[in-house]
2 protein chains.
Amino acid sequence: MENAADLEQAQMNNTTMFSEQNLNAIKSIMSVTDFKKDSNIYWEGDPSDKLYYLIKGRVKLYKSAYDGKDLVLHYFTPNDLFGELACFGFEEYSFTAHAVTNCTIGVVAERDLEALLLPNSSLSFEFMKWIGLMSKYTQIKLRDLLFYGKNGALASTLLRMAHGYGKKEADGIHYSINLTNSDLAQLIGSTRETVNRMLQAWKNDGAINYYHGSIVIKDVDYIKAICHCEDKCPMNICRL
Amino acid sequence: MENAADLEQAQMNNTTMFSEQNLNAIKSIMSVTDFKKDSNIYWEGDPSDKLYYLIKGRVKLYKSAYDGKDLVLHYFTPNDLFGELACFGFEEYSFTAHAVTNCTIGVVAERDLEALLLPNSSLSFEFMKWIGLMSKYTQIKLRDLLFYGKNGALASTLLRMAHGYGKKEADGIHYSINLTNSDLAQLIGSTRETVNRMLQAWKNDGAINYYHGSIVIKDVDYIKAICHCEDKCPMNICRL
DNA sequence: TAATATGTATGATTTTTGTCACACAAATCG
DNA sequence: CGATTTGTGTGACAAAAATCATACATATTA
C-alpha cells in the first residue's frame, strides 16, 4: 500500500499460486457461461459441486441473516477463482455468490477437476494454497470486523479497496469502483447511516474527500491509524 | 445436538476425514514433544513450517489486538490437528497457539509432510478437506459473532461447547470443561462483565443454572432461539 | 491459616451503534 | 420530461455494549 505501483496495479486476483500450465489445465475443463447482472451464481445451502473462474464482471460473496441483513465477505474480479467443493470438505455452499454486473464465468465441475487433481500433485498443492488463501481472507475479515469497532472495519475496508480499485493521484487515492454507503455497510456488518456518519466525520477531519460523488483518500495514515494497520498483511490478502 | 448420543460422545476431533492408514502415515513422521501449561506452541507471525497433532491436553488458538484484548478462535482437544504450513499458502502463523494445560503434541515438520504428500493424492485430498474444515470453523465464527450481537455469540458458544464437553443429565446439560466468564468473553470478543450480565439474565429466565459453580443448560431451545440455531450446521463444525 | 490472587455480581455511567424519521439530491425510466 | 427509484445527509432517540467502580466469594499458596 506504500507505493504508487501497488495502487496502480489493475486487479489483485486470487489465482497467483497457480502455474500457467496448471491454470491452463483448469481452463481446459471449464465451460463458459454468462450470468446476468443481479442474478445469483449459487445459493448458500446448495450442494457445492462446482468452482467458478470469473472471466468478466464482478461477483460478491455474501451471507444473509434471518432478518434479511447481508454480510458481504468479498468481491471477486476477473481471474479470481471462487466456489467450494465437497471434495475439499464443503458439502454445501457456505455463502451466496451474486453477479453484481453481467458476468462471464468459467464453470468447473467437481467431477472433472477431481480427475485432473488425482494424478497431479503439483496442481493439488496449488489448490491447497488456494483454499488456504480463501481461508485467510475470512480470518482477516474476522479480525477487521471485531477488533476496532465499526470505524476500524470501515477504515480497513477503504484501505483494502485501494488494492485493485485504487489509483494514487495528486490529491489522494481515487477509486475506480463506486460502492454506495449501503454496500460499505454490508461489507462491515453495519448500517447505511452509521457508515455515512463515519465518512462525514473523516471528511470533516480532512482525511477523505469527495470527487464526483466518490471517495478520495487524502490522508492514508489517518485511516490506517483507525484500524491499526501496520502494513504487515501480505498484499494478496489485503483486498476486498 | 438433538440426541443424548451426540452430547455424550467424548470429543469431536478435526481429523475424521483422514483414513486410518493416512493418519498413521502422518503419525509416523511426528516427533512427540511436551509443552508446559501456559506456554505458547507458536506465535502469530512465526514462520509457519510445522503442523501439530494434539495427543494430550488442551490448546487454544487466539489472536491479540494491539491493546492486549484477545479473540479466541478455538480450543483443540486430543486427536485434533492444528497449525499452518507455507506449502498450504500460509507464510506465517495467523494466530497464536497456547497450551491451556500441560500438553503432549506430535510435531510434524513441513519438509517431511511434503514428502509424504507429493506421491500420495489420497492424503493430499484429505489434507484439502482438513484445510477446508478449518476454514469453515472461521466462517461459522464470523457468522456467530456478527449476526446476532453478543447475546447470539454467547448462546452459540454455549451450544458449541455442548459438543465434546456437554453431558445430558436429568436437570439439563452439564459441561465437563469449566470456562470462566473471561474465557467466554475472549471467545466472543466481548468483556467479562457483559458475559456475566447475559448469563445472569438467562439464569433469571430459568434457561440456565449453576451447579457447583459451572453452567447447566436447562432450556436448550431458549438458548438456540437467541442465536437462531436451526440445527443445520454439520456436527463436525459445531464445536469450540 | 492468613494473605493473595482469581473470579463473580452488579450499579452507574459513557460510548458506540442501530433505529426511525425526514429532507433533499441524483439517477433512472416509462 | 415528470415520476419514481435510489442514494445521501442528519437529527432525535433507543438499544447494545464497554468502562469504571466496588463488594464479595472462592481458590491458591506461602
Side-chain angles (χ1 to χ4, degrees), chain A residues 37-38 65-72 100-102 144-158 175 177-205 207-216 226-228, chain B residues 37-38 65-72 100-101 144-158 175 177-205 208-216 226-228:
Chain A
K37 177 179 168 161
D38 288 328
Y66 80 111
D67 59 356
K69 273 185 194 163
D70 292 341
L71 177 69
V72 173
V100 177
T101 65
N102 285 326
D144 284 349
L145 299 198
L146 281 169
F147 272 7
Y148 308 117
K150 297 304 178 186
N151 279 279
L154 182 59
S156 146
T157 301
L158 291 186
Y175 291 106
I177 192 181
N178 215 322
L179 298 183
T180 66
N181 289 352
S182 297
D183 292 332
L184 291 170
Q186 292 190 328
L187 277 163
I188 66 170
S190 180
T191 61
R192 183 186 69 76
E193 295 95 322
T194 297
V195 166
N196 186 264
R197 276 182 246 267
M198 293 189 285
L199 291 176
Q200 292 304 316
W202 297 349
K203 188 181 150 197
N204 289 338
D205 277 9
I208 67 169
N209 213 334
Y210 282 91
Y211 178 75
H212 286 336
S214 78
I215 298 169
V216 176
I226 296 171
C227 56
H228 300 263
Chain B
K37 176 178 170 165
D38 287 329
Y66 81 111
D67 59 357
K69 275 187 192 162
D70 291 341
L71 178 69
V72 174
V100 177
T101 65
D144 284 349
L145 299 198
L146 281 167
F147 272 7
Y148 308 116
K150 298 303 178 185
N151 279 278
L154 182 58
S156 145
T157 301
L158 291 187
Y175 292 105
I177 191 180
N178 216 321
L179 299 183
T180 66
N181 289 352
S182 297
D183 291 332
L184 291 170
Q186 293 189 329
L187 277 163
I188 66 171
S190 180
T191 62
R192 186 184 65 74
E193 294 97 321
T194 299
V195 166
N196 185 262
R197 276 182 246 266
M198 292 189 287
L199 290 176
Q200 291 306 316
W202 297 348
K203 188 182 151 197
N204 290 338
D205 277 10
I208 67 169
N209 213 333
Y210 282 91
Y211 178 76
H212 286 336
S214 78
I215 298 169
V216 176
I226 296 170
C227 57
H228 300 264

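The sequence lines fix the lettering, A, B, ..., with proteins before strands; numbering per chain opens at 1. What you are looking at is a predicted structure, and each value in this text was computed from that prediction instead of being measured.
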Exercise for the section: State whether the side chain of A:Lys150 and the backbone N or O of A:Gly189 hold a donor-acceptor pair below 3.5 Å, judged by distance alone. Expected result: yes
Practice task
Respond yes when some side-chain nitrogen or oxygen of A:Thr194 is under 4.0 Å from OP1 or OP2 of C:dG18, and no when none is.
Solution key: yes
Handout entry: pair B:Leu199-B:Trp202: side-chain heavy atoms closer than 4.5 Å
Key = yes
Exercise for the section: Take atom CD1 of A:Ile208 and atom P of D:dT8, then tell me their distance rounded to the nearest Å. Expected result: 12 Å
Practice task
Check whether any side-chain N or O of A:Asn178 sits under 4.0 Å from OP1 or OP2 of D:dG7, and answer yes or no.
Solution key: no
Exercise for the section: Report yes if a side-chain nitrogen or oxygen of B:Gln200 is closer than 4.0 Å to either non-bridging phosphate oxygen (OP1 or OP2) of C:dT10; otherwise report no. Expected result: yes
Fill in the blank from the handout: Exactly one of B:Leu184, B:Leu179, B:Asp183, B:Val72 clears side-chain contact (heavy atoms from CB on, under 4.5 Å) with B:Thr157, and that residue is B:Leu184
Exercise for the section: Please tell me which of A:Gly149 and A:Glu193 maps to the more 5' nucleotide of DNA chain C, matching each residue to the nucleotide holding its nearest heavy atom. Expected result: A:Gly149
Problem - Sugar-phosphate only, base, or nothing, as touched by B:Gly189 at under 4.0 Å among non-hydrogen atoms - result: sugar-phosphate
Exercise for the section: Using the test side chain to side chain donor-acceptor pair (under 3.5 Å), find all partners of B:Asn181 that sit at least two apart in sequence or belong to another chain. Expected result: none
Practice task
Kindly say whether, by distance alone, the side chain of B:Arg197 makes a donor-acceptor pair under 3.5 Å with the base of D:dT19?
Solution key: yes
Exercise for the section: Find which nucleotide of DNA chain D each of B:Met198 and B:Arg192 is nearest to by heavy atoms, and output the residue with the more 5' nucleotide. Expected result: B:Met198
Practice task
Measure the distance from CG on A:Leu154 to P on C:dG18 and round it to the nearest whole Å.
Solution key: 12 Å
Problem - Nearest-angstrom distance from the residue atom CG of B:Leu199 to C1' of C:dT8 - result: 11 Å
Exercise for the section: Could you state the atom-to-atom distance from CG of B:Asn151 to C1' of D:dA18 in whole Å? Expected result: 14 Å
Practice task
Measure from OH on B:Tyr148 to P on D:dA17 and round the result to the nearest Å.
Solution key: 14 Å
Exercise for the section: Figure out the CG/P separation between B:Leu179 and C:dT8, and round it to whole Å. Expected result: 10 Å
Problem - Side-chain N or O of B:Ser190 closer than 4.0 Å to phosphate OP1/OP2 of D:dA18 - result: yes
Handout entry: D:dT6 phosphate, OP1 or OP2, under 4.0 Å from A:Asn181 side-chain N/O
Key = no
Exercise for the section: Indicate, with a heavy-atom threshold strictly under 4.0 Å, whether A:Lys69 touches base, sugar-phosphate, or nothing. Expected result: sugar-phosphate
Problem - For atom CD1 of A:Ile215 and atom C1' of D:dG9, their distance in whole Å - result: 14 Å
Exercise for the section: May I have the distance from B:Trp202 (atom CH2) to C:dA9 (atom P), rounded to whole angstrom? Expected result: 14 Å
Exercise for the section: Using the test side chain to side chain contact (heavy atoms under 4.5 Å, CB included), find all partners of A:Ala185 that sit at least two apart in sequence or belong to another chain. Expected result: A:Val195
Practice task
Check whether any side-chain N or O of A:Asn196 sits under 4.0 Å from OP1 or OP2 of D:dT8, and answer yes or no.
Solution key: no
